[in-house]
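Inspection log for the structure reproduced underneath, given as structure tokens.
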Protein chains: 2
Amino acid sequence: MKDITPQQQKVLDCIQVYINKTGFPPTRADICRELGFKSPNSAETHLRALEKKDFISIESGASRGISINNPEIKHEANEYPIVGLVAAGSPTLASENVEKVLNCPKGFFESDFDYFLRVRGLSMKDAGIMEDDLIAVKKTQEIKNGDIVIARIEDEVTVKYFQRSAPNIVHLKPANEDFSDIEVNLEETELYIEGKSVGLIREN
Amino acid sequence: MKDITPQQQKVLDCIQVYINKTGFPPTRADICRELGFKSPNSAETHLRALEKKDFISIESGASRGISINNPEIKHEANEYPIVGLVAAGSPTLASENVEKVLNCPKGFFESDFDYFLRVRGLSMKDAGIMEDDLIAVKKTQEIKNGDIVIARIEDEVTVKYFQRSAPNIVHLKPANEDFSDIEVNLEETELYIEGKSVGLIREN
DNA sequence: CATTATACTGTATAAATATATAGTATATTT
DNA sequence: AAATATACTATATATTTATACAGTATAATG
């Protein structure tokens with residue numbers, strides 16, 4: 001992180017204060033009003049300087065598209081969506097699948113994650129994953145053998161242990177003797193890995 | 001607070017998730033994209049309904065001028081100690097037993113709780129409680145049959161199902177067939193109930 | 001049975017906003 | 001001495017965005 005100039009610090013503080021006060025970031029004009037600038041370009045150039053120094057991110061084209069980069073994890077809390085294991089289709093954050101959102105501190109689990117998945121069924125019982133548990137899912141394709149993955153095979157979504165047995169053969173193994181392994185031949189069947197489990201929460 | 005419709009809840013969640021993801025609220029068009037609406041007016045009317053019911057505030061004329069009203073639940077976070085199952089003696093919050101502290105929002109589980117207990121052994125495996133899991137423990141003497149309790153019998157601390165079989169007989173039942181029930185005659189043996197499990201967290 | 005709330009599509013537009021361009025001036029670095 | 005970063009004013013404009021208006025349809029309410 002490069003050093004910030006006093007004026008840039010003022011602009012950064014102004015953005016933070018504005019967000020705290022209103023709930024959304026300021027426009028260039030808002031910053032000018034707050035800090036007494038007479039040209040929107042004053043704000044613009046400061047914003048670009050802050051962006052270059054990585055203090056903020058600016059989403060191009062979006063109004064008020066400023067977000068403050070906060071690499072240090074201060075017990076900031078986040079709202080994470082809880083999605084259900086929909087029988088057909090992958091768990092998506094977009095639509096009717098979001099059950100509710102759960103407030104959880106950033107860095108709660110060792111790895112960061114993207115959403116919670118509500119578990120249906122007992123196929124991972126012996127891994128201590130019970131019905132209605134919430135799995136913290138990190139969307140990633142970096143899977144190692146033995147990871148617990150959220151996998152979609154032809155519109156069916158399941159939670160299983162991942163094991164690549166051969167270059168084109170993946171085994172999805174349940175942790176329950178009442179269920180059997182799923183062998184997926186990647187040349188015949190489409191397998192999409194939604195992500196992997198990085199944690200679990202049970203409310204009882 | 002008036003009651004919210006399922007669809008309005010989705011829109012509200014969508015706003016919250018969008019803010020988490022981007023740092024700023026969505027536009028009407030953004031909401032449509034996320035939820036699959038084809039007219040910006042769909043988002044607009046839902047927003048106005050949410051505003052009328054006081055779930056959100058909308059700043060007139062401002063782009064992305066949506067803020068979520070959440071005066072009551074301020075997602076206050078607390079530091080909870082993680083204590084180990086010390087072989088002799090009850091889990092105390094004395095500093096030598098505190099492994100570390102975990103930041104967790106208030107009201108994270110349905111019931112409030114006092115500390116986390118690091119689980120040793122697999123005696124509650126079939127209840128989905130695995131080695132190294134963290135049990136959220138509420139210090140209480142109000143125990144019902146079937147509750148998962150943290151019990152101390154003569155300096156030995158265990159986690160078990162609680163069942164009062166007779167006025168003076170308590171059974172502490174494991175959830176693992178390799179372990180056997182512990183029958184406690186309250187007239188002969190001292191049983192102290194440390195508290196009960198109200199939730200579980202697994203970091204993996 | 002009329003009214004109101006919910007839940008949408010589709011179109012239009014004034015206002016809000018990001019952002020480029022053209023300058024001026026000072027301090028710092030190479 | 002030239003280049004670069006900072007720190008502004010002033011103007012212009014394409015795009016983004018909020019928001020109104022016109023419909024359709026269904027369920028709930030009084």
Side-chain angles (χ1 to χ4, degrees), chain A residues 1-15 17-19 21-69 94-98, chain B residues 1-19 21-69:
Chain A
M1 190 72 74
K2 282 188 184 172
D3 49 344
I4 195 168
T5 69
Q7 203 63 4
Q8 285 164 7
Q9 184 68 56
K10 264 190 206 173
V11 174
L12 187 58
D13 289 345
C14 166
I15 296 166
V17 167
Y18 193 100
I19 292 173
K21 204 167 56 183
T22 66
F24 44 87
T27 65
R28 276 58 167 172
D30 291 330
I31 296 171
C32 289
R33 206 172 307 116
E34 294 288 326
L35 298 179
F37 302 151
K38 288 178 183 169
S39 165
N41 194 39
S42 301
E44 179 71 20
T45 48
H46 279 127
L47 290 175
R48 293 301 161 186
L50 286 167
E51 187 192 33
K52 202 172 170 187
K53 291 178 177 177
D54 213 34
F55 288 102
I56 62 170
S57 298
I58 302 174
E59 172 136 351
S60 175
S63 68
R64 300 176 189 271
I66 304 166
S67 56
I68 294 178
N69 296 338
S95 60
E96 58 271 12
N97 300 331
V98 175
Chain B
M1 194 72 75
K2 283 187 184 172
D3 51 344
I4 196 168
T5 69
Q7 203 63 4
Q8 285 163 8
Q9 183 69 56
K10 273 179 220 161
V11 174
L12 187 59
D13 289 344
C14 167
I15 297 165
Q16 183 67 70
V17 168
Y18 192 100
I19 292 173
K21 206 167 54 183
T22 66
F24 43 87
T27 65
R28 275 60 166 171
D30 291 330
I31 296 171
C32 290
R33 206 171 308 115
E34 293 288 327
L35 298 180
F37 301 152
K38 289 180 182 167
S39 166
N41 194 40
S42 301
E44 178 71 21
T45 48
H46 279 127
L47 290 175
R48 293 301 162 187
L50 285 167
E51 187 191 33
K52 201 174 172 186
K53 292 178 177 178
D54 213 34
F55 288 101
I56 62 170
S57 299
I58 301 174
E59 172 136 351
S60 175
S63 68
R64 302 176 188 271
I66 304 167
S67 57
I68 294 179
N69 296 337

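Quantities reported herein were computed from a predicted structural model and do not represent experimental measurements. Chain naming here is simple, since letters A, B, ... match the order of the sequence lines and numbering starts at 1 in each.
- Closest heavy-atom contact between Tyr18(B) and Phe24(B): CD2-O, 3.1 Å.
- Phosphate proximity of dA7(D) to His46(A): present, with a side-chain N or O under 4.0 Å from OP1 or OP2.
- Of the side-chain N and O atoms in Thr5(A), one or more sit less than 4.0 angstrom from OP1 or OP2 of dA7(D).
- Computed from coordinates, the Lys53(A) NZ to dA5(D) C1' distance equals 8 Å when rounded to whole Å.
- Listed pair Arg28(B) / dA18(D) meets the phosphate criterion, a side-chain N or O lying under 4.0 Å from OP1 or OP2.
- Listed nucleotides dT6(D), dT17(D), dT19(D) differ in distance to Ala62(A); the shortest reach to its side chain belongs to dT17(D).
- Within the 4.5 Å cutoff, the side chain of Pro25(A) has heavy atoms near those of the Pro25(B) side chain.
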Exercise. Given pairs defined as Watson-Crick or G-U wobble with both distances under 3.5 Å, what dot-bracket annotation applies to DNA chain D, with ( ) intrastrand, [ ] crossing, | other strand and . unpaired?
Worked result: ||||||||||||||||||||||||||||||
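- Remark: C1' of dA7(C) and CD of Gln9(B) are 17 Å apart, rounded to the nearest angstrom.
- Between the CZ atom of Phe55(A) and the P atom of dT6(D) there is a distance of 11 Å, rounded to whole Å.
- Atom C1' of nucleotide dT19(C) and atom CD1 of Ile58(A) are separated by 11 Å, given to the nearest angstrom.
- Rounded to an integer number of Å, the gap from CG of Leu47(A) to C1' of dA7(D) is 14 Å.
- The CD1 atom of Ile4(B) lies 11.5 Å from the NZ atom of Lys10(B); values are rounded to the nearest 0.5 Å.
- Of the side-chain N and O atoms in Arg48(A), none sit less than 4.0 angstrom from OP1 or OP2 of dT6(D).
- Counting only heavy atoms from C-beta outward, the side chains of Ile66(B) and Arg28(B) approach each other to under 4.5 Å.
- Counting heavy atoms from C-beta on, the side chains of His46(B) and Ile56(B) never come closer than 4.5 Å.
- Summarising the geometry of Ile15(A) relative to Ile31(A), their closest heavy-atom pair is CG1-CD1, 4.4 Å, with the distance given to 0.1 Å.
- Using a 4.5 Å heavy-atom threshold, the side chains of Asn41(B) and Glu44(B) count as touching.
- Looking only at atom types and distance, the side chain of Arg64(B) has no donor-acceptor partner in the side chain of Thr27(B) under 3.5 Å away.
- For the pair Leu50(B) CG and dA5(C) P, the interatomic distance rounds to 15 Å; values are reported in whole Å.
- Between Ile58(A) and Leu50(A), the closest side-chain pair of non-hydrogen atoms is not below 4.5 Å.
- Counting any heavy atom pair closer than 4.0 Å across all strands shown, Ala29(B) reaches no nucleic acid atom.
- In this structure, Thr27(A) does not reach the dA16(C) phosphate: none of its side-chain N or O atoms is under 4.0 Å from OP1 or OP2.
- Note: CZ (Arg64(A)) to P (dA18(C)) measures 7 Å, nearest angstrom.
- Between the CD atom of Gln7(B) and the P atom of dA5(C) there is a distance of 18 Å, rounded to whole Å.
- Looking at residues 33-45 of chain A, you'll see Pro40(A), Asn41(A), Glu44(A) sit with a heavy atom under 4.0 Å from some atom of DNA chain C.
- The minimum heavy-atom distance between Cys32(B) and Ala43(B), with the atom names listed, is SG-CB, 4.1 Å.
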